[in-house]
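Read through the structure below, which is laid out as structure tokens, and then see the notes.
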Amino acid sequence: MNNLPEKADWVEIEKQLEPQYVSFFQESMRMPEEIAREIFKAFAQDLKDAAQREGTDRFPESFGKILLEREQSDEKVRDAFAPKRAEGVTDDDIALWWNMHDLERRMICKVDEMNRILLFDKLVQSNGATEPEAAQIVAKRFPVYGDPDHLVLGTDDDRPLPFELKWRINRYITEKTTADPEKFQEEVEASTSLNALLRKAVRQGEL
């Protein structure tokens with residue numbers, strides 16, 4: 001049994017997120033509503049369990065504001081944010097991401113991971129791509145978020161991006177694909193990964 005307290009905020013945020021994600025699963029994965037709802041509920045339960053294990057289920061509201069205040073005097077918080085700051089993360093980015101409910105943050109991360117896995121599996125199983133070829137295509141299709149100090153493959157610029165940059169990145173990609181999709185795709189193809197292109201945009205002050 002899951003011992004996570006069913007606090008009102010957890011219950012309420014799950015109710016708020018459910019229609020959004022059920023609709024997304026139906027449209028993106030072409031599945032019946034019933035199955036989409038089952039997937040959402042399974043994800044939500046797994047993420048609640050993870051939050052309990054890691055102790056993030058009790059993060060207070062406005063946690064981003066609290067972190068920014070602690071950064072001024074707490075060396076551990078400053079050290080944690082230092083690599084993110086080096087990537088261009090701002091106070092506003094930190095507040096926006098960490099003020100979100102923990103379940104909402106975790107669901108975003110989970111769906112990002114799911115999208116990458118689904119594309120990778122499709123490329124390998126249906127399109128006949130090798131695993132390295134599929135990994136390269138996925139890296140150019142989706143931003144990869146996580147610990148910026150974690151380098152698996154590729155160049156330094158291919159490292160995971162801080163999740164705190166997600167909303168700025170979404171806006172940037174939307175603007176680029178709306179203004180000139182062909183030019184943007186050419187820029188992506190000329191880069192080692194979408195992450196590398198996005199880091200270049202941060203350095204140039206475009207993102």
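Here the structure is a predicted model, which means the values were calculated and not measured. Values reported hereafter were calculated over all heavy atoms of this structure, with side chains retained and with hydrogens, waters and symmetry mates removed.
- Taking the charged nitrogens against the carboxylate oxygens, Asp57 and Lys48 have no contact shorter than 4.0 Å, which rules out a salt bridge.
- Annotation: side chain of Met29 is not in contact with side chain of Phe24 (no heavy-atom distance under 4.5 Å).
- Using modelled atom types, one finds no donor on one side chain facing an acceptor on the other under 3.5 Å when comparing Glu175 with Thr178.
- Considering Val124, Val138, Asn127 in turn, Val138 is the only one that fulfils the side chain to side chain contact (heavy atoms under 4.5 Å, CB included) rule with Leu119.
- When hydrophobic clusters are built by joining Ile, Leu, Val, Met, Phe, Trp and Tyr residues whose side-chain heavy atoms come closer than 4.5 Å, directly or via intermediates, Ile117 is not grouped with Ile35.
- Ring planes of Trp97 and Phe163: parallel class, angle under 30° (limits at 30 and 60°).
- The heavy-atom pair separating Gln26 from Ala36 by the smallest distance is CG-CB, 3.9 Å.
- Residue Arg106 comes nearest to Ala50 through the heavy atom pair NH1-CB, 3.6 Å, listed as atom of the first residue, atom of the second, then distance.
- Using a 4.0 Å cut-off between charged nitrogen and carboxylate oxygen, Lys110 and Asp46 do not count as a salt-bridge pair.
- Note: Glu133 CD to Leu123 CG = 9.5 Å, rounded to the nearest 0.5 Å.
- Crowding of Arg141 atom CZ: a count of heavy atoms from other residues, nucleotides or ligands under 6.0 Å not exceeding 12.
- Between Pro143 and Ile173 the shortest side-chain heavy-atom distance falls below 4.5 Å.
- Rounding to the nearest 0.5 Å places CG of Leu96 at 7.0 Å from CE of Met100.
- Closest heavy-atom contact between Met31 and Ile39: CE-CD1, 3.4 Å.
- Across all non-hydrogen atoms, the minimal contact from Gly146 to Pro160 is N-CB, 3.6 Å.
- Between Glu14 and Gln45, every side-chain heavy-atom pair lies at or beyond the 4.5 Å cut-off.
- For the side chain to side chain donor-acceptor pair (under 3.5 Å) condition, the pairs that include at least one residue of residues 68-77, sequence neighbours left out, are Glu71-Arg85.
- Contact of the Ile169 side chain with the Tyr145 side chain is registered, since non-hydrogen atoms from C-beta on lie closer than 4.5 Å.
- Contact check for Phe142 versus Asp112: no side-chain heavy atoms found under the 4.5 Å cut-off.
- Side chain to side chain, Asn99 and Ser62 fail the donor-acceptor criterion of an N or O pair below 3.5 Å.
- Within the model, atoms CD of Glu164 and CH2 of Trp98 stand 6.5 Å from one another, a figure rounded to the nearest 0.5 Å.
- When atom types are taken as modelled, the side chain of Thr174 and the backbone of Asn170 share a donor-acceptor pair closer than 3.5 angstrom.
- In this structure, Lys176 is not positioned above the aromatic face of Phe184 in the sense of NZ or CZ being under 6.0 Å from the six-membered ring centre and within 45° of the axis.
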Side chain to side chain contact (heavy atoms under 4.5 Å, CB included) between Ile66 and Phe59, intermediate numbers included: CA-CA 10 Å; Ile66 293 171; Phe59 279 178; over 6 Å; no

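- In this structure, Asp93 and Lys166 have side chains that are not in contact, with every pair of non-hydrogen atoms separated by 4.5 Å or more.
- Put simply, the side chain of Asp102 reaches to within 4.5 Å of the side chain of Arg105, judged on heavy atoms.
- Contact check for Val111 versus Met114: side-chain heavy atoms found under the 4.5 Å cut-off.
- With rounding to the nearest 0.5 Å, the separation of OG1 in Thr177 from CD in Gln185 is 10.0 Å.
- Between the CZ atom of Arg159 and the OG atom of Ser193 there is a distance of 10.5 Å, given to the nearest 0.5 Å.
- Two different hydrophobic clusters hold Ile108 and Val144 under the rule that ILVMFWY side chains link at heavy-atom gaps under 4.5 Å.
- Here the closest non-hydrogen pair linking Gly88 and Val202 is CA-CG1, 4.2 Å.
- In terms of heavy-atom proximity, Asp9 sits nearest to His101 at OD2-NE2, 3.6 Å.
- More than 12 heavy atoms of other shown residues, nucleotides or ligands fall within 6.0 angstrom of atom NZ in Lys140.
- Residue Glu189 qualifies as enclosed at atom CD: its count of foreign heavy atoms under 6.0 Å is above 12.
- Between atom CG of residue Leu118 and atom CZ of residue Arg116 there is a gap of 11.0 Å, rounded to the nearest 0.5 Å.
- Ring planes of Tyr21 and Phe25: tilted class, angle from 30 to 60°.
- The backbone N or O of Gln52 lies less than 3.5 Å from no partner atom in the side chain of Thr56, so there is not a single donor-acceptor pair.
- Residue pairs that meet the side chain to side chain donor-acceptor pair (under 3.5 Å) test with at least one member in residues 195-207, sequence neighbours left out, are Glu87-Arg199, Asp157-Arg203, Tyr172-Glu206.
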